[in-house]
There are 4 protein chains.
Amino acid sequence: MKETESEVSLAHSRARHEGPARGRPRSEAVERAIIEGVMKLLEDGVPLGELSIERIARTAGVGKATIYRRWSGKEELFVDVLRAAEPPDPELPGVSMRGDLIVLLESLRQRGLLSRSSAILHNVHAQMKSSPKLWAAYDATVIAPRRLQGYEVLRRGQQNGELRDDIDIELLNDMFVGPMLVRAVLRPETELPEDLAERIVDILLEGLRPAGR
Amino acid sequence: MKETESEVSLAHSRARHEGPARGRPRSEAVERAIIEGVMKLLEDGVPLGELSIERIARTAGVGKATIYRRWSGKEELFVDVLRAAEPPDPELPGVSMRGDLIVLLESLRQRGLLSRSSAILHNVHAQMKSSPKLWAAYDATVIAPRRLQGYEVLRRGQQNGELRDDIDIELLNDMFVGPMLVRAVLRPETELPEDLAERIVDILLEGLRPAGR
Amino acid sequence: MKETESEVSLAHSRARHEGPARGRPRSEAVERAIIEGVMKLLEDGVPLGELSIERIARTAGVGKATIYRRWSGKEELFVDVLRAAEPPDPELPGVSMRGDLIVLLESLRQRGLLSRSSAILHNVHAQMKSSPKLWAAYDATVIAPRRLQGYEVLRRGQQNGELRDDIDIELLNDMFVGPMLVRAVLRPETELPEDLAERIVDILLEGLRPAGR
Amino acid sequence: MKETESEVSLAHSRARHEGPARGRPRSEAVERAIIEGVMKLLEDGVPLGELSIERIARTAGVGKATIYRRWSGKEELFVDVLRAAEPPDPELPGVSMRGDLIVLLESLRQRGLLSRSSAILHNVHAQMKSSPKLWAAYDATVIAPRRLQGYEVLRRGQQNGELRDDIDIELLNDMFVGPMLVRAVLRPETELPEDLAERIVDILLEGLRPAGR
DNA sequence: CAATAAGCGAGACGGTACGTCGAGTCTTGAA
DNA sequence: TTCAAGACTCGACGTACCGTCTCGCTTATTG
């Protein structure tokens with residue numbers, strides 16, 4: 001996992017040869033200013049299509065070359081913007097599988113709510129899907145860890161008898177996160193009621209056959 | 001439904017005033033040439049970002065103004081391209097709710113497979129999500145009818161006792177299509193095995209509690 | 001001569017294929033606006049080094065591409081600017097060779113004075129010398145005709161006995177124009193007294209031996 | 001003369017305050033490397049316009065700041081390059097004015113021939129004319145001494161009766177060097193035949209009236 | 001001999017201009 | 001009125017240099 005992490009990392013201070021650090025080192029402050037500049041613009045409601053490198057540079061008070069020195073284009077920069085905007089991983093209570101799943105789904109719901117208000121996630125997200133390479137980078141650094149977290153919870157659930165063990169974990173995970181993601185990501189106009197995480201988990205656990213079956 | 005249709009309809013032959021049609025009429029052949037030109041380019045593997053109006057016009061042997069006369073921009077044109085590429089609605093056997101659901105999900109799976117091979121759907125899809133207005137248009141003409149089809153199937157299931165009736169239909173629908181869409185749209189690198197539709201439906205119906213309760 | 005003329009001509013309206021003139025024709029007004037914009041800037045004392053294409057375009061209220069459509073770069077544009085700034089050919093009285101030579105040299109002197117006050121000629125002139133190709137174009141359209149005029153005057157002088165006929169005309173011409181050009185072009189800080197043309201001509205005719213032989 | 005010399009001198013080792021010389025002294029080797037680097041590039045046929053400070057620094061294996069420490073810009077550096085490329089002053093036999101003038105003009109002819117083959121002088125020369133300040137510096141250190149040499153020869157000619165004394169020396173000088181410079185500098189495409197210096201001098205001495213008066 | 005101070009190669013920095021490309025509009029002549 | 005063609009203004013693209021500014025290091029002189 002560590003290698004993957006470092007492979008998809010996009011902006012580095014002098015990442016290339018990593019010699020004995022000749023010349024003036026890259027300024028981390030500048031790096032932050034750029035990323036925060038993009039966020040500010042997005043939060044101010046600037047449409048994604050109007051986010052030119054030129055404008056980003058102007059906003060951050062930075063030369064264009066300084067941006068290109070770190071990222072090869074708008075899209076790669078956006079990956080780092082998303083990364084910076086990412087909320088921290090949720091803490092799992094670990095008492096029961098059901099409880100942990102609800103926490104995980106609730107965190108997805110929160111992210112959905114967030115991405116609508118701030119407008120950062122949703123558009124950049126959509127934009128990024130156009131490039132398989134960038135999507136892979138984003139997936140590896142941001143999404144995959146959450147997915148693995150889910151796998152772990154489900155595995156424990158199978159081990160302690162809370163969950164059927166005749167279904168592969170990947171599919172199980174998609175059964176849980178799918179309904180939430182459909183609403184949060186693919187259909188951003190739908191509501192995300194407070195008890196949605198709990199209802200999804202319980203429906204899946206109990207099944208859909210009529211009660212008196 | 002009809003009104004919605006006409007509201008989101010994007011390309012018209014002389015839609016505005018609809019006077020007694022003076023001057024040279026618009027050529028339908030030109031319209032087809034443009035849409036097919038876009039498809040050809042996408043199928044030839046041209047990245048979506050390189051699809052400029054200028055290039056589309058060149059490919060179709062058409063003046064730029066002729067495109068702008070019909071669509072207000074690239075994105076609106078894409079909606080019509082997607083519409084033209086859409087496979088026909090699936091025929092539902094109507095015997096059992098379970099059977100109909102499997103047919104619906106299988107049709108989603110097929111679309112997922114298709115969008116990977118042709119590369120049309122996936123990218124244009126992603127691109128379009130950046131514009132809420134266009135997404136709404138696409139949703140209304142292409143997605144919504146399918147969704148309503150699903151609602152109908154589920155409603156019948158509740159009525160004839162195949163399905164619990166204490167859960168609202170929208171959520172039920174998302175429970176079924178969510179897992180499939182996650183794989184087909186959000187994670188295009190995953191496999192879509194042949195029995196996926198059937199497994200998803202059965203897991204949902206039976207629930208995830210271990211067999212022996 | 002005609003061929004040379006047309007070969008070095010640099011800006012044309014749709015010069016390439018010269019088909020039956022399809023599409024919107026190039027605007028002559030725009031062409032004039034550009035050239036006059038450059039002149040205005042130079043007359044306002046803008047140093048030649050600060051004359052970027054970008055600034056020229058801004059001044060003329062014109063897109064950069066419109067400039068590049070006509071000239072391949074700054075230098076080629078300058079040739080046409082010089083051409084436009086060129087005073088008309090002097091009228092030769094034709095009475096005597098001596099008189100005609102004085103008129104020709106006087107016209108060179110006037111040009112020298114002009115190029116200092118307006119600052120157009122001198123700098124652009126110098127700039128252009130860096131490119132043999134452009135210099136050739138300028139020479140062919142602007143300088144050469146004057147030179148030929150001089151040759152003609154000298155030839156007539158030899159024929160009617162005003163001038164030795166044992167020296168080739170090219171050298172004779174350089175003997176007359178050389179002293180004037182040295183002062184006007186190569187040493188712009190020197191004065192150009194009013195009677196300079198006459199003095200140069202007479203010195204050359206009479207020779208430099210002391211009067212009493 | 002001395003003051004003029006030192007005023008236009010452009011590159012100094014720690015020229016400004018000339019304190020008690022603290023810190024590491026500037027390397028003369030570096031200075032030579034830079035000037036020779038420029039010459040090498042010019043001799044390799046690199047167009048003058050592509051001679052950026054950045055490229056010069058790269059070629060000489062030197063930091064940009066090291067160049068700016070010595071010269072305030074490209075043009076000032078070029079003055080020193082020209083100075084370094086300058087051939088030595090001609091030795092005058094001093095027997096007759098006519099002989100000395102021929103030697104002086106012949107040296108101009110040689111320089112013309114040289115500047116065409118090496119391509120250094122011609123272009124840098126032209127370039128420099130754009131900047132009055134630099135031209136003045138070049139004129140003072142390189143050209144003016146030659147001019148004074150010429151004045152001296154002419155003055156001696158007037159004193160010993162070889163030359164009319166009713167014409168001011170500056171004009172006389174321009175009469176002699178003008179024809180040669182026109183060919184060597186302003187019209188580099190013309191030939192410079194071997195006996196050109198002698199012919200110019202003799203034509204001027206004898207005048208252009210037909211032999212039999 | 002250590003301290004001090006400037007020189008040095010390298011390269012980041014905020015800028016400006018380059019020459020190209022596409023956006024959307026306008027203007028031709030022909031259909 | 002539409003059509004293909006192509007000129008028009010505008011503005012972003014990604015690159016190259018500008019002249020300045022750190023970096024870590026080297027090289028003299030001075031206390």
Side-chain angles (χ1 to χ4, degrees), chain A residues 13-14 19-27 29-30 49-58 60-70 72-74, chain B residues 13-14 19 21-27 30 50-58 60-69 72-74, chain C residues 13-14 19-27 29-30 50-55 57-58 60-70 72-74, chain D residues 13-14 19-27 30 50-58 60-70 72-74:
Chain A
S13 293
R14 193 143 21 197
R22 317 245 272 144
R24 176 173 172 178
R26 293 196 189 154
S27 155
V30 161
E50 296 179 13
L51 264 199
S52 54
I53 292 272
E54 211 129 80
R55 184 163 181 183
I56 293 170
R58 226 151 33 218
V62 139
K64 277 199 288 177
T66 300
I67 296 182
Y68 284 111
R69 214 173 277 129
R70 285 150 218 269
S72 78
K74 223 180 314 195
Chain B
S13 294
R14 194 143 22 199
R22 316 240 284 143
R24 177 172 169 180
R26 290 200 189 152
S27 155
V30 161
E50 297 179 12
L51 266 199
S52 56
I53 292 271
E54 209 130 76
R55 182 163 181 183
I56 291 169
R58 228 155 30 222
V62 137
K64 277 199 290 177
T66 302
I67 296 182
Y68 283 110
R69 214 171 279 127
S72 79
K74 220 184 313 194
Chain C
S13 293
R14 193 145 20 201
R22 315 244 277 147
R24 176 175 171 178
R26 292 200 189 150
S27 157
V30 161
E50 296 179 13
L51 265 199
S52 56
I53 292 272
E54 210 128 77
R55 184 163 180 184
R58 225 150 39 217
V62 139
K64 276 198 289 177
T66 299
I67 296 182
Y68 283 111
R69 213 172 279 128
R70 285 150 217 270
S72 78
K74 225 181 313 195
Chain D
S13 293
R14 195 139 27 195
R22 315 239 284 144
R24 176 175 171 179
R26 292 197 189 152
S27 155
V30 160
E50 297 178 13
L51 266 200
S52 56
I53 291 272
E54 209 130 78
R55 182 163 182 183
I56 292 169
R58 228 153 33 220
V62 136
K64 278 199 289 175
T66 301
I67 296 182
Y68 284 110
R69 215 171 278 127
R70 284 149 218 271
S72 78
K74 221 182 315 194

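Just so it is clear, the model here is predicted, and its values are computed rather than measured. Quick note on labels: first sequence line is chain A, next is B, and so on, each numbered from 1. In what follows, every heavy atom counts, from backbone to side chain, and hydrogens, waters and symmetry copies are set aside.
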Smallest separation among heavy atoms of A/G63 and A/A57, with atom names: C-CB, 4.3 Å
Side-chain contact, heavy-atom cut-off 4.5 Å: B/R69 with B/T66? yes
Between A/R55 and C/A65, name the one whose nearest nucleotide on DNA chain F is closer to the 5' end. C/A65
Which of these nucleotides, F/dC13, E/dC18, F/dT9, is closest to any side-chain atom of A/K74? F/dC13
Mind listing the closest non-hydrogen atom pair of B/K64 and B/E54 along with its distance? NZ-OE2, 2.8 Å
Contact class for D/G61 vs. all strands (heavy atom < 4.0 Å): base, sugar-phosphate, or nothing? sugar-phosphate
Atom-pair distance (OH on C/Y68; P on E/dG22), nearest Å: 17 Å
Can you measure C/R22 atom CZ to E/dA31 atom C1' for me and round it to whole angstrom units? 12 Å
State which of E/dT28, F/dT2, F/dA4 makes the closest approach to the side chain of B/V30. F/dA4
Return the minimal non-hydrogen interatomic distance between B/L51 and B/K74, and the atom names on each side. O-CD, 3.2 Å
Quick note, D/R26 side chain, CB onward, closest among F/dC13, E/dA12, E/dC8 is E/dC8
Considering only F/dC3, F/dA12, F/dC17, which nucleotide approaches the side chain of D/R58 most closely? F/dC17
Looking only at the side chain of D/R69 (C-beta and beyond, no hydrogens), which of the listed nucleotides F/dC13, F/dC18, E/dC8 gets closest? E/dC8
C/I67 has an atom CD1; how far is it from atom P of E/dT20, in whole Å? 13 Å
Over how many whole Å does the gap from B/R24 atom CZ to F/dT1 atom C1' extend? 9 Å
Nearest whole Å is fine: how far is F/dC13 P from A/E50 CD? 12 Å
Starting at the 5' end of DNA chain E and moving along, which residue's nearest nucleotide shows up first, D/A60 or B/K64? D/A60
Between E/dT16 (C1') and A/E54 (CD): distance, integer Å: 11 Å
Which sits closer to the 5' end of DNA chain F, C/T66 or D/I53, going by the nucleotide each is nearest to? C/T66
By nearest nucleotide on DNA chain E, pick out whichever of B/S72 and D/G63 is the more 5' one. D/G63
